[in-house]
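As structure tokens, the structure follows; a few thoughts come after it.
Residues: numbered from 1 along the sequence shown. None of the values given here were measured: they were computed from a predicted structure.
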Amino acid sequence: ELNSLGTADDRQAYRDALIAWLEQRSEALDADSQARLSTNPLRILDSKNKDTQALLEDAPTLADALCDASRERFLQVQRGLTALEIPFQLNPRLVRGLDYYSHTAFEITSDRLGAQATVCGGGRYDGLIGQLGGPQTPAIGWALGIERLLLVLEASAQADPQGVASRLTASTSPDVYVVNRGGEAERVALALVRDLRAAGLWVELDSSGSAFGKQFKRADRSGARWALVLGDEEAERVEVRLKPLHQQGEECTVALAPVSAIVERLLTP
């Protein structure tokens, strides 16, 4: 779910409009919202009171207060998500009551958690570092509910016993340990790990940059069936070495694309 909080000026214009609208209807607000009206009116939009939420259906929205530059910026975010094929929906009631937020605010939700649907939330924090005494620096941050994420995995595994979540929750060790060293190798390894995880494999990426010998020791301790080995030479040749760790088999070299060929080789008994 996605919304734009705009600039500080946008939010002030919206705050003024919202307060004026709410003051005319203050008697219809729940007690908590009435208290917030004079302290943090934007938080009223987060009210869990059903009557207040029904009242807010006709309230002005932040989108109405955004300047042209903020609107265009928000459209660019949406275009980026569309290009990455990340599904989203606009939620004009998604706000943050903290002054250091600016522009994008988002939440990742699940339909497997009942009323507590939010798994992750965050946004852009242009004012945070300055408030902490540092230079004015754009920033992005988020918080992830680990317990909620585990509940989503468990529910997904129960709903689809043959699915990715079921296999991940049943595993006791990773399928693959990615050994890599070198600037180009690290870049290629990061993209490869993303694609392998998207294909449903449990992948552990060694990000230490230490010598191959040390990384192989960690790979053995991980319990993974395979080590994928990437150095700058392999990256230059657009290939990866597959090394069996705890089973019979021979080391082999496979092209980095298509990833489906690597996945098929890794899943072959």
Hydrophobic clusters join Ile, Leu, Val, Met, Phe, Trp and Tyr when side-chain heavy atoms are under 4.5 Å apart, directly or via other members; which others share one with F216? Y177, V179, F212, V229
If you apply the rule side chain to side chain contact (heavy atoms under 4.5 Å, CB included), what do you find for R148 with T118, and how did you get there? CA-CA 8 Å; R148 293 186 184 183; T118 301; 3.9 Å; yes
Can you check whether E239 reaches E233 side chain to side chain, under 4.5 Å on heavy atoms? no
Closest non-hydrogen contact found for P135 with I129 is O-CG2, 3.4 Å
Consider only side-chain N and O atoms of N49 and Q53, and report whether a donor and an acceptor are under 3.5 Å apart. no
Between I262 and L228, is there a side-chain heavy-atom distance shorter than 4.5 Å? yes
Check: T61 main-chain N/O paired with D64 side-chain donor or acceptor under 3.5 Å: yes
Under 3.5 Å donor-acceptor, S156 side chain and V152 backbone: yes
Holding to side-chain hydrogen bond (donor to acceptor under 3.5 Å, both in side chains), I want the full list of residues that pass it with D220, two or more places apart in sequence or in another chain. none
Is there a side-chain contact between R218 and D206 (heavy atoms, below 4.5 Å)? yes
Can you tell me if CD on Q131 sees more than 12 non-hydrogen neighbours from other groups inside 6.0 Å? yes
With A59 via side chain to side chain contact (heavy atoms under 4.5 Å, CB included) - residues at least two apart: L18, W21, L56, R93
So do S102 and R11 actually touch side chain to side chain, heavy atoms under 4.5 Å? yes
With side chains defined as the heavy atoms from C-beta onward, is the minimum distance between T7 and L66 less than 4.5 Å? no
Is S222 reaching over with its side chain to a backbone N or O of A224, donor-acceptor style, under 3.5 angstrom? yes
Side chain to side chain contact (heavy atoms under 4.5 Å, CB included) between L90 and Q78: does it pass, once the steps are laid out? CA-CA 9 Å; L90 301 182; Q78 296 173 58; 3.9 Å; yes
Would you check if T104 and L2 make a side-chain contact, meaning some heavy-atom pair closer than 4.5 Å? yes
Side chain to side chain contact (heavy atoms under 4.5 Å, CB included) assessment of E107 paired with C120: CA-CA 6 Å; E107 289 184 358; C120 177; over 6 Å; no
With a cutoff of under 4.5 Å between side-chain heavy atoms, which Ile, Leu, Val, Met, Phe, Trp and Tyr residues group with L94? none
Sidechain N-carboxylate O distance under 4.0 Å for E234, R181: no
What residue among V176, D175, L196 forms side-chain contact (heavy atoms from CB on, under 4.5 Å) with V263? L196
Side chain to side chain, L205 and N180, heavy atoms closer than 4.5 Å: yes
R15 side chain vs D10 backbone, donor-acceptor pair below 3.5 Å: no
Which heavy atom of P92 sits nearest to which heavy atom of N3, and what is that distance? O-ND2, 3.4 Å
Heavy-atom count check: over 12 atoms from other residues, nucleotides or ligands less than 6.0 Å from E251 CD? yes
Quick one, K243 with E250, criterion salt bridge (charged side-chain N to carboxylate O under 4.0 Å, His left out). Give me CA distance, side-chain angles, the key distance, then yes/no. CA-CA 7 Å; K243 179 180 176 61; E250 296 183 357; over 6 Å; no
Ignoring hydrogens, what is the shortest heavy-atom contact between C252 and R265? Give both atom names and the distance. SG-NE, 3.9 Å
Side chain to side chain contact (heavy atoms under 4.5 Å, CB included) with E184: which residues, sequence neighbours excluded? R187, V188, D232, A235
Do W226 side-chain atoms and L266 backbone N/O form a donor-acceptor pair below 3.5 Å? yes
Do you know the tightest heavy-atom contact between V178 and A189? CG1-CB, 4.1 Å
S70 side chain to G6 main-chain N or O, any donor-acceptor pair under 3.5 Å? no
Can you tell me if T82 uses its side chain to pair, donor with acceptor, with the backbone of G80 under 3.5 Å? no
pair T109-E1: side-chain heavy atoms closer than 4.5 Å: yes
Minimal heavy-atom distance between A185 and G231, with the atoms involved, is CB-C, 3.5 Å
Looking at R124 and L5, would you say the former's side chain and the latter's main chain have a donor-acceptor pair under 3.5 Å? no
Of all heavy-atom pairs linking W202 and S173, the shortest is CE3-O, 3.2 Å
Give a yes or no answer on whether the side chain of Y14 reaches the backbone of A65 with a donor-acceptor pair at less than 3.5 Å. no
Sorted by chain and residue number, the ring pair (Phe, Tyr, Trp, His ring centres under 6.0 Å) partners of F106 (sequence neighbours excluded) come out as none
Under 3.5 Å, side chain of R73 to main-chain N/O of H103, donor-acceptor pair present? no
